[in-house]
Amino acid sequence: MAMVSSRCFALALGAAAATLAGRWRPRSSARLPLLLPRCVQSEVRISNQKHARDGRGLPRRVLSKESQSSSSVVADNGLEYEAVIGIETHVQLGTATKAFCSCPSQYGAEPNAHVCPVCMGLPGALPVLNDKVVEYGVKLALALHSEIALTSKFDRKQYFYPDLPKGYQISQYDVPIASKGFIDVDLPVEFGGGHRCFGITRVHMEEDAGKLVHAGGERLSGSSSSQVDLNRAGVPLLEVVSEPEMRTGLEAAEYAAELQRLVRYLGISNGNMQEGSMRCDVNVSVRPKGRPQFGTKVEIKNMNSFSAMQRAIDFEIDRQVTLENEGLGHQIKQETRLWEEGSQRTISMRSKEGLADYRYFPEPDLPEVTLTQDYVDATQATLPELPNAKRRRYESLGLSMQDVLVLANDSDVAAFFDEVVGKGTDVKQAANWIMGDLSAWLKNEKLAITETKLTPAALAELIDLIKDGTISGKIGKEILPELLQNGVSAREAIEAKGLSQISDAAVIESMVDAIIAENPKQVAAYRGGKTKLQGFFVGQVMKVSSGRVNPALLNKILLSKLNC
């Protein structure tokens, strides 16, 4: 089915053009409440923070790894400012059908292929709640340690936009499914590490809007025409609203990354930002450090990666601090700004309206959502080991935080690692192989660990064969691709290629005798004090044995021969 481009939508787009004058109703969700931080935040003071400017006079802070994790900025006027950051995250749920109808909800279909009277908002069409949306909402709420409302309700959030055909969004307002939670985050080691706890204000269920495609540009402004694709209209979302407890772009990006890990571990969403399955709107303000009142909040949209989120926040902090420093703080207004990846700056999109403009009222076509404690408890029992618990367990195994963060980042990698270690294999060696040669091969082939034929048992066997001296580490690296591509066991690959390590002392001794006899000058030089030539003899033996000689036994025999 082709994109909708009828006269009625043309009229709607014409009306939407009035938004350029600040008159539209934004799709943003409930604002963050002015709550003081509940979790202890570490504060690191920076002094003499330098600012640079680009050709447009915009601030460019020179960020070192240390400063990216610092929680305050000292402006030229001597005042120390801190940022206050909160994030509203929309998680698109991986249900088979939409939130209130039976239309498929998968990504990437032909425009307007998955639409019906309900998601198109036609008169007389009634919504029916998909129970999977409730199940996924409870799972995420539990994973975020939230208080679950056994009775919640849906509301109509009124606003006009061409890709919202009903003229309102079914959402939750004053009685969401969950509230008052928290999320644990471990910061990257390369940025100083450390643990953070960020509060979660609320989790609520709602439906997505459709998508506008603008000809000649990404936005309505400057495009020659626009079409609407309603495939996404009605796709279920969970909106997660954080408390305003983050202080740096790094903390915000790591919070979002942890939330992505959670939804992937839970299996409720793929969390792919590039597909729009996870979208983050960031609220940023600055204030003199120590002042309890918040500054004027600015919302940033259009960030499709965690690194872009960090850069956008750091830019916006510097922009606001620079205005404050120059006595132009009044120019910081409550608005929505877009992140421009090309120019690496935020630009103004529209002024920001308040909650009253949405004219919420209870959704009359849907009953209350009523849960029992038994249902919640049963759902709790189905939750997997979550990222923070997995990281703590890996730490208890003696792994470094760098290893822990890499292994626990992907649930499939973590599951593979757990199975390898479950075979009794050395923990550190298992981590090294997965993060080293295996990871490099997967990256080169552009494959996920679940898309290879390597089994955890085969990798465990490979590691054990190296440990007991059957093969060398070098041979192990050589046969790994065959294990990955063909699914054979390590022992099968070794036997097929005749690569088992030579550990027979008599055989090695005969090889050493032959090499010594063939290189009298090098022997004399070694015995004359050039002991580094030992490496030459080792290399020669390895060459004639195709690298199969047991290195430890070789060196022992070689030294006894050279030093006699």
Keeping the roles fixed (side chain from [X], backbone from [Y]), state whether a donor-acceptor pair exists under 3.5 Å.
X: Asn272; Y: Glu275; answer: no
X: Glu492; Y: Ser489; answer: yes
X: Thr201; Y: Ser242; answer: yes
X: Arg345; Y: Glu340; answer: no
X: Glu251; Y: Arg247; answer: yes
X: Gln310; Y: Gly249; answer: no
X: Ser105; Y: Thr95; answer: yes
X: Asn302; Y: Trp339; answer: yes
X: Glu324; Y: Tyr81; answer: no
X: Glu258; Y: Tyr255; answer: no

Pair [X] + [Y], salt bridge at N-O below 4.0 Å:
X: Glu509; Y: Lys561; result: yes
X: Glu385; Y: Lys390; result: yes
X: Arg337; Y: Glu299; result: no
X: Arg319; Y: Asp314; result: no
X: Lys423; Y: Glu419; result: no
X: Glu135; Y: Lys139; result: yes

For this session: Would you kindly check if the NZ (Lys) or CZ (Arg) of Lys477 is within the cone defined by 45 degrees around the ring axis of Trp441 and under 6.0 Å from the six-membered ring centre?
Result: no
Close side-chain approach of [X] to [Y], heavy-atom, < 4.5 Å:
X: Ile434; Y: Ser439; answer: no
X: Asp403; Y: Ser400; answer: yes
X: Gln92; Y: Arg279; answer: yes
X: Asn486; Y: Lys453; answer: no
X: Phe198; Y: Glu243; answer: no
X: Val241; Y: Ile87; answer: no
X: Ile200; Y: Lys180; answer: no
X: Phe417; Y: Asp410; answer: no

For this session: Go through the steps to decide whether Tyr107 and Arg232 satisfy the test side chain to side chain contact (heavy atoms under 4.5 Å, CB included), and finish with yes or no.
Result: CA-CA 8 Å; Tyr107 173 81; Arg232 201 173 68 184; over 6 Å; no
Can you see which heavy atom on [X] is nearest to which on [Y], and at what distance?
X: Tyr265; Y: Ala408; value: OH-O, 2.6 Å
X: Arg287; Y: Gly295; value: CB-N, 4.4 Å
X: Val404; Y: Tyr394; value: CG2-CB, 3.7 Å
X: Gly476; Y: Ile466; value: CA-CD1, 4.2 Å
X: Leu386; Y: Ala143; value: CD1-CB, 3.7 Å
X: Val286; Y: Gln320; value: N-OE1, 3.3 Å

Problem set entry | Test side chain to side chain contact (heavy atoms under 4.5 Å, CB included) applied to His195 and Asn388, Leu187, Val185, the passing residue | Asn388
Seminar exercise, completed: Of Asn432, Asp468, Thr425, the one forming a side chain to side chain contact (heavy atoms under 4.5 Å, CB included) with Ile463 is Thr425
Problem set entry | Donor on one side chain, acceptor on other, Asn409 and Arg261, under 3.5 Å | yes
For this session: Determine whether the side chains of Gln344 and Glu341 contain a donor N or O and an acceptor N or O closer than 3.5 Å.
Result: yes
For this session: Nearest 0.5 Å please: distance from the CD atom of Glu190 over to the CG atom of Leu405.
Result: 8.0 Å
Exercise. CG/Leu480 to CG/Leu459 distance, rounded to the nearest 0.5 angstrom?
Worked result: 7.0 Å
For this session: Count the heavy atoms of every other residue, nucleotide or ligand shown that sit under 6.0 Å from NZ of Lys428, and state whether that count exceeds 12.
Result: yes
For this session: In sequence, state the C-alpha distance, the side-chain angles, and the governing distance for Glu88 and Cys280, and then conclude on side chain to side chain contact (heavy atoms under 4.5 Å, CB included).
Result: CA-CA 6 Å; Glu88 301 163 7; Cys280 297; over 6 Å; no
Could you list the donor-acceptor pairs under 3.5 angstrom formed between side-chain atoms of residues 519-526 and any protein atom two or more places apart in sequence or on another chain?
from, atom 1, to, atom 2, distance (Å)
Asn519, ND2, Ile515, O, 2.8
Tyr526, OH, Asn563, OD1, 3.2

Problem set entry | Which residues share a side chain to side chain donor-acceptor pair (under 3.5 Å) with Arg491, sequence neighbours left out | none
Exercise. What do the steps show when you test Leu237 against Leu93 for side chain to side chain contact (heavy atoms under 4.5 Å, CB included), and what is the final call?
Worked result: CA-CA 6 Å; Leu237 300 175; Leu93 300 181; over 6 Å; no
For this session: List the steps and the verdict of side chain to side chain contact (heavy atoms under 4.5 Å, CB included) for Glu451 and Asp412.
Result: CA-CA 10 Å; Glu451 296 173 319; Asp412 290 330; over 6 Å; no
